[in-house]
Amino acid sequence: MFSGMIAAVGRLRAARASGGGMRLEVEWPGEVGSFVGGESVAVNGACLTVAAAGPGWFAADASPETLRRTTLGKLRTGSPVNLERALRLSDRLGGHLVLGHVDGVSRVSAVRPAGAFTVMRLALPAALAAEVAEKGSIAIDGVSLTVSALGVDWFEVALIPATIEATTLGGRRPGDEVNLETDVIAKYVRRAAGGSRPGLSTLLGAFGDATD
């Protein structure tokens, strides 16, 4: 479990094919305590399990399912990544409850300045549309954000200066792909209401409500 409050921006130092998936080695900058094998770390919002570690770095395996659902398989040596260690029960929940289970990939469609802030517009996959609400929470590359505007096939978030400086989102440009995780509460509400996520054919269709 995570909060979407990024602890550091690290870099991918190596990636290699492993068992049909990929082993990622990630550098964690600055002071960081020892990693324990088996602990969870969110890398660009995807929860990974530490398989090996050393001073200032850890390695984790991304399964074929993780590579299919996220952007991790497209990372290259030197790519910056948002990092967050799993929450302790005593930690402050500064963002929202983030599971690290990426629901899908979106594409940045527009980035525009708004004073000291930046407004980012992203494509909204039809399969996730019923789980996204204006003023609701969403995680983008692991960053906890609030949906500031919502359309049929798009949504916007407003990035504050601290987020721009402390995460990779400040460097995102139109056309970039990012990982999305919708609010876990919205998932269960949708399920309780009798809804289910559309299949692949519906991904190409129009927006549907929670009882599709």
Side-chain angles (χ1 to χ4, degrees), residues 1-13 24-63 66 69-72 75 79-104 106 117-118 120 122 128 131-148 155 157-172 178-191:
M1 185 76 71
F2 306 91
S3 70
M5 304 299 289
I6 302 304
V9 174
R11 290 194 177 274
L12 184 71
R13 77 175 197 174
L24 307 175
E25 291 186 7
V26 180
E27 295 178 353
W28 189 301
E31 294 295 326
V32 60
S34 299
F35 293 99
V36 178
E39 77 167 282
S40 296
V41 180
V43 179
N44 278 356
C47 178
L48 300 179
T49 300
V50 172
W57 69 273
F58 68 92
D61 295 312
S63 70
T66 297
R69 284 186 175 268
T70 74
T71 62
L72 295 188
L75 294 176
S79 293
V81 289
N82 294 322
L83 300 173
E84 182 186 358
R85 299 180 86 165
L87 289 173
R88 299 181 180 90
L89 289 178
S90 60
D91 286 342
R92 291 185 176 90
L93 189 61
H96 71 283
L97 294 177
V98 177
L99 302 182
H101 302 162
V102 174
D103 295 300
S106 178
F117 302 84
T118 295
M120 182 180 292
L122 303 100
L128 305 180
E131 298 169 13
V132 178
E134 190 169 349
K135 303 306 178 185
S137 297
I138 194 164
I140 300 176
D141 274 352
V143 182
S144 174
L145 295 165
T146 300
V147 176
S148 58
F155 70 96
V157 293
L159 307 180
I160 64 174
T163 299
I164 295 169
E165 295 173 5
T167 76
T168 63
L169 296 187
R172 292 301 186 188
V178 294
N179 294 323
L180 293 186
E181 182 186 333
T182 61
D183 188 357
V184 62
I185 297 174
K187 291 181 174 71
Y188 283 112
V189 169
R190 182 176 185 178
R191 179 68 174 174

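We count residues from 1, following the sequence as given.
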*How close do Val9 and Pro29 get, heavy atom to heavy atom, and via which atoms?*
O-CG, 3.2 Å

*Could you check Ile140 against Leu180 for side chain to side chain contact (heavy atoms under 4.5 Å, CB included), going step by step and ending with a plain yes or no?*
CA-CA 5 Å; Ile140 300 176; Leu180 293 186; 3.9 Å; yes

_Checking the side chain of Glu39 only, and the main-chain atoms of Val50 only, is there a donor and an acceptor separated by less than 3.5 Å?_
no

_Carboxylate-amine/guanidinium proximity below 4.0 Å for Arg13 and Glu25_ = yes

*Do side-chain atoms of Glu181 reach the backbone of Gly100 as a donor and acceptor pair under 3.5 angstrom?*
yes

*Measure the CG-OG distance between Leu87 and Ser3 for me, rounded to the nearest 0.5 Å.*
5.0 Å

*Please check if the side chain of Lys187 supplies one atom and the backbone of Glu131 the other of a donor-acceptor pair under 3.5 Å.*
no

*Taking C-beta and beyond as the side chain, do Val178 and Thr168 meet within less than 4.5 Å on heavy atoms?*
no

_If you apply the rule side chain to side chain contact (heavy atoms under 4.5 Å, CB included), what do you find for Val81 with Leu83, and how did you get there?_
CA-CA 6 Å; Val81 289; Leu83 300 173; 3.9 Å; yes

*Grab the two heavy atoms, one from Phe58 and one from Trp28, that are nearest each other, plus how far apart they are.*
CE2-CE3, 4.2 Å

_Minimum heavy-atom distance Ser148-Ala158, with the two atoms named_ = OG-N, 3.8 Å

*Taking all heavy atoms of Thr163 and all of Thr167, pick out the closest pair and write down the distance.*
O-OG1, 2.8 Å

*Roughly how far, to the nearest 0.5 Å, is the CG atom of Leu159 from the CG atom of Leu145?*
6.0 Å

*List the atom of Arg69, the atom of Asp103, and the distance in Å for their closest heavy-atom pair.*
NH1-O, 3.4 Å

_Return the CG to OG1 distance between Leu48 and Thr70, rounded to the nearest 0.5 Å._
8.0 Å

*Side chain of Asn179, backbone of Val102: donor and acceptor closer than 3.5 Å?*
no

*To the nearest 0.5 Å, how far apart are CG in Leu93 and CE in Met1?*
9.0 Å

*Using atom types as modelled and distance alone, determine if a side-chain donor or acceptor of Asn44 lies under 3.5 Å from a backbone N or O of Asn82.*
yes

*asked:* Can you tell me how far apart CD1 (Ile138) and CG (Leu122) are? Round to the nearest 0.5 Å.
replied: 8.0 Å

*Any idea which heavy atoms bring Val98 and Gly4 closest together, and the distance?*
CG2-N, 3.9 Å

*Measure the CZ-CG distance between Phe2 and Leu99 for me, rounded to the nearest 0.5 Å.*
9.0 Å

_Whether over 12 other heavy atoms sit under 6.0 Å from Ile185 CD1_ = no

*Leu128 vs Phe155 side-chain heavy atoms within contact, under 4.5 Å*: no

*Would you check if Ile160 and Phe117 make a side-chain contact, meaning some heavy-atom pair closer than 4.5 Å?*
yes

